[in-house]
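Here is the structure we will look at.
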There are 2 protein chains.
Amino acid sequence: MGEVCMDTEGTSVKMNKKELVRKKNQTLLLDAAEALFSTLGYDRTSVSLIAAKAKVPKANVLYYFKNKENLYSAVLERIMSGWGVGLVDLSAEDEPAQALYQYIRFKVRVSCEFPAQSRLFTTEIIRGAPHLGAHLREQTRPWFRNIITVIQAWIDAGKIRPVDPSHLLYMIWSSTQYYADYQTEVFILENKLEYEDSDIESITQSISKVILTGLGLEVPELN
Amino acid sequence: MGEVCMDTEGTSVKMNKKELVRKKNQTLLLDAAEALFSTLGYDRTSVSLIAAKAKVPKANVLYYFKNKENLYSAVLERIMSGWGVGLVDLSAEDEPAQALYQYIRFKVRVSCEFPAQSRLFTTEIIRGAPHLGAHLREQTRPWFRNIITVIQAWIDAGKIRPVDPSHLLYMIWSSTQYYADYQTEVFILENKLEYEDSDIESITQSISKVILTGLGLEVPELN
DNA sequence: TAATTAGTTGACCATTCGGTTAGTCTTGCT
DNA sequence: AGCAAGACTAACCGAATGGTCAACTAATTA
């Protein structure tokens, strides 16, 4: 079966059986590793556990990924690249209220629906970002700088009240991510067992209302 | 030397030499353990490392704390009790602007000045709070409910705009704690190596401005 | 002071883990 | 078919770790 996929240079190539098997096993292992790393953490996840979850011999895991750290890095990279698609690119021409509201909504939904990934990322940062440091410097930072510029342009144009753009972004990131990382605490305090759609809605509304009002904006209507 | 200290019931007692030694060694070990757990995490902190840091034989560590988990729990408990003193108790009679502003200021300072403790706490929650679950249910929850009531009273009295009090509190917690947990990311994005007093000030101002304005309040003057 | 209790410690152990190796099997190519 | 390259795997290994134990010392008490 001649399948088609994107190689690292982005050109489409036909893969022979070996390459196909390789790809299949890699994603198989990445899936197992991601699930385990994100629930147990790096140290409590043993290579043999990953192997068992993926139903392959342990040595096979080390065959595809030279060592445990390597596999962990690969998992993180895949998560980061997966997040890239959702990262709304703001531009100075956008309406701040609409843009920020949509962004907050998106981040709340991701936090509530994929909390494990968020937690894995947070753990990595808390540890000092040993594997993602380069990614933060080379990928996140330029993107961050760009957003800062946009927000500053909004301020200069009088579209929103003057606030330090960095701290505004941190507020959005932290208050949305909170529902993933602190899920355990939230559930205890709220006496809940899971997030429902109505929770996601009310979280989005609450955060949006405070932040947008704080910026002198109105919360846009739902379309 | 007849020293005096508070026992668990809060009554002052004279301790003989053995009890004194016991207390001294316990805090010695707790200090070493806290420093290591908060920088290396639970699994990468070995009992022998703690022993080395405290300059006592490894077996002595296990003598005072039955096992590693026990010691870890003790460290967490001590941190939580230490935070208790700083937790401003709000009351419905307080001026919301003043009270919230002071609370935000306090939390930002703690996050920037003692980030390791905050990170240890966050890690515990991310892991599902295996050791602090009871504390959250029995200590934090009642306190949380109380604050919720106060905020709701403010809303009912028309002192602040209507917002879900829970989500408001989460916003304050998350946006202040962020500077501890995500310190690594913040430093990379801001091209900094440490928080300075001016940073603490500007963080406090930014967060306060957005949240208080979002609640229809003015940021109070510094006294 | 004698006896009992508590503190201290080096040596030791079972287990687990990440990683290696040596050898077998499968696939693709000529 | 035959061969080289890559896929696969059982068995093994050294290192580290949490925890135990028996022996020894110091302090408290009767």
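Neither OP1 nor OP2 of D/dC8 sits under 4.0 Å from any side-chain N or O of A/Y63. Proximity of A/R22 to the phosphate of D/dG6: no side-chain N or O atom is located under 4.0 Å from OP1 or OP2. In terms of phosphate contacts, A/N25 brings a side-chain nitrogen or oxygen within less than 4.0 Å of OP1 or OP2 of D/dC8.
Taking the ring axis of A/Y42 as reference, the NZ or CZ atom of A/K68 stays within 45° of it and closer than 6.0 Å to the ring centre.
A/V56 comes within 4.0 angstrom of nothing in the nucleic acid, heavy atoms only.
If you measure from atom NZ of A/K24 to atom C1' of D/dG6, you get 16 Å, rounded to the nearest angstrom. What separates CG of B/L28 from C1' of C/dG7 is a distance of 14 Å, to the nearest Å. In this structure, the CG atom of A/L40 is 11 Å from the P atom of C/dC17, given to the nearest Å. When rounded to the nearest whole Å, the span between CG of A/N60 and P of C/dG18 equals 16 Å. Whole-Å rounding puts the A/Q26 CD to D/dG6 C1' distance at 14 Å. At whole-Å resolution of the value, CG in A/L36 and P in C/dC17 are 12 Å apart.
No donor-acceptor distance shorter than 3.5 angstrom exists from the side chain of B/Q152 to the backbone of B/P165, with no hydrogens or angles considered.
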How would nucleotides 11-30 of chain D be written as a contact map, 5' to 3', with B for base contact, S for sugar-phosphate-only contact and - for no contact, using protein heavy atoms under 4.0 Å? ------SBB-------BS--

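A side-chain donor from one of B/T122 and B/D181 sits under 3.5 Å from a side-chain acceptor of the other.
In this structure, B/H167 has its ring center no closer than 6.0 Å to that of A/Y178. A centroid separation of less than 6.0 Å is found between the aromatic rings of A/W83 and A/F121.
By the salt bridge (charged side-chain N to carboxylate O under 4.0 Å, His left out) test, B/R78 is found to be paired with B/D31, B/E34, residues two or more places apart in sequence or in another chain being considered.
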